[in-house]
Amino acid sequence: GENVEQHPSTLSVQEGDSAVIKCTYSDSASNYFPWYKQELGKRPQLIIDIRSNVGEKKDQRIAVTLNKTAKHFSLHITETQPEDSAVYFCAASNPGGSYIPTFGRGTSLIVHP
Amino acid sequence: DAGVTQSPTHLIKTRGQQVTLRCSPKSGHDTVSWYQQALGQGPQFIFQYYEEEERQRGNFPDRFSGHQFPNYSSELNVNALLLGDSALYLCASSWGQGTGTEAFFGQGTRLTVV
């Protein structure tokens, strides 16, 4: 089955800096890669996703890049703000598995004011 | 639209007992997936229900079972509870078995087994 590795487990940055979270996956058939943000005590919420037919996607301060050859994808957050502090999860899924996402272990992002 | 709702929000059970958790999907969604999230971990897939049948199952023992009703709501049952079953149980709803569309999560049920 799919295996998703996520790094780092904890990331501490100063407000205004950029943050990068990296994930690798094992199943070359995976073609949908969502990223979720989970604030303390709240539900995971989708913040951005990318499909295998594109290499990069941006939404304001958030961007995701995908390298299918290397089987890795990354989340980039620019101009970080304290409200970006949360746990971020990457996931990978494929149609053969009914798009059931396999999640990484999460990255705790702390943005210091 | 209330989104995905789960009940109860918190639950304390004793080892060996049985528990039932409930989930109502987002309006327009027909697929419900259940996840277990241990502290400091990502959500682990338990199973998915679509058209009142279990369609996919993760690596969880038979003590974990479920049901989906005609109105698409779902239950997760766990028998013979173990201390290791303590976790946040998340329900996610989507349309048409996922098909690469966004899954919306509920707030979760925090289960503590003592």
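Every chain is numbered from 1, with letters handed out A, B, ... down the list of sequences. If you're wondering where the values come from, they're calculated on a predicted model, not measured in any experiment.
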### Query
Which atom names give the shortest non-hydrogen contact between A:Lys42 and B:Gln107, and what distance separates them?
CA-OE1, 3.6 Å
### Task
For the residue pair B:Phe47 and A:Ile100, establish whether any side-chain heavy-atom pair is separated by less than 4.5 Å.
no
### Heavy-atom check, side chain of A:Pro44 versus side chain of B:Phe104, under 4.5 Å
no
### Task
Take atom CG of B:Leu82 as the centre, draw a 6.0 Å sphere, and report whether it contains more than 12 heavy atoms from other residues, nucleotides or ligands.
yes
## Note on the structure
Scored by heavy-atom pairs under 4.5 Å with chain B, the best of A:Gly41, A:Pro101, A:Ser108 is A:Pro101
### Message
I need the minimum non-hydrogen distance between A:Phe89 and B:Gly42, along with the two atoms involved.
### Response
CE2-CA, 3.2 Å
### Query
Take atom CD in A:Glu83; do more than 12 heavy atoms of anything else shown fall under 6.0 Å from it?
yes
### Task
Please check if atom CG in B:Leu83 has more than 12 non-hydrogen atoms from other residues, nucleotides or ligands closer than 6.0 Å.
yes
### Query
Is A:Tyr36 close to B:Phe105 at the side-chain level, that is, under 4.5 Å between some pair of heavy atoms?
yes
### Task
Answer yes or no: are there more than 12 heavy-atom neighbours, outside B:Lys13 itself, under 6.0 Å from its atom NZ?
yes
### Over 12 foreign heavy atoms within 6.0 Å of CD, B:Gln17
yes
### Message
Atom CG of residue position A:Asn53 - does it have more than 12 heavy atoms of other residues, nucleotides or ligands inside 6.0 Å?
### Response
yes
### Query
Who wins among B:Pro43, B:Gly58, B:Gly106 for the most heavy-atom pairs under 4.5 Å with chain A?
B:Pro43
### Flag if over 12 foreign heavy atoms under 6.0 Å of CZ, B:Arg15
no
### Query
Checking side chain to side chain contact (heavy atoms under 4.5 Å, CB included) for the pair A:Phe103/B:Tyr35: CA distance, chi angles, key distance, verdict?
CA-CA 10 Å; A:Phe103 286 85; B:Tyr35 293 83; 3.7 Å; yes
### Message
Which atoms of A:Gln38 are under 4.5 Å from chain B, going by heavy atoms: the side chain, the backbone, both sets, or neither?
### Response
side chain
### Message
When you group the ILVMFWY residues by side-chain heavy-atom contacts below 4.5 Å and let the links chain together, are A:Tyr32 and A:Leu75 in the same group?
### Response
no
### Task
Locate the shortest heavy-atom distance separating B:Val4 from A:Arg43; write the atom from each residue and the value.
O-NH1, 3.5 Å
### Part of B:Gln6 lying under 4.5 Å from any heavy atom of chain A
neither
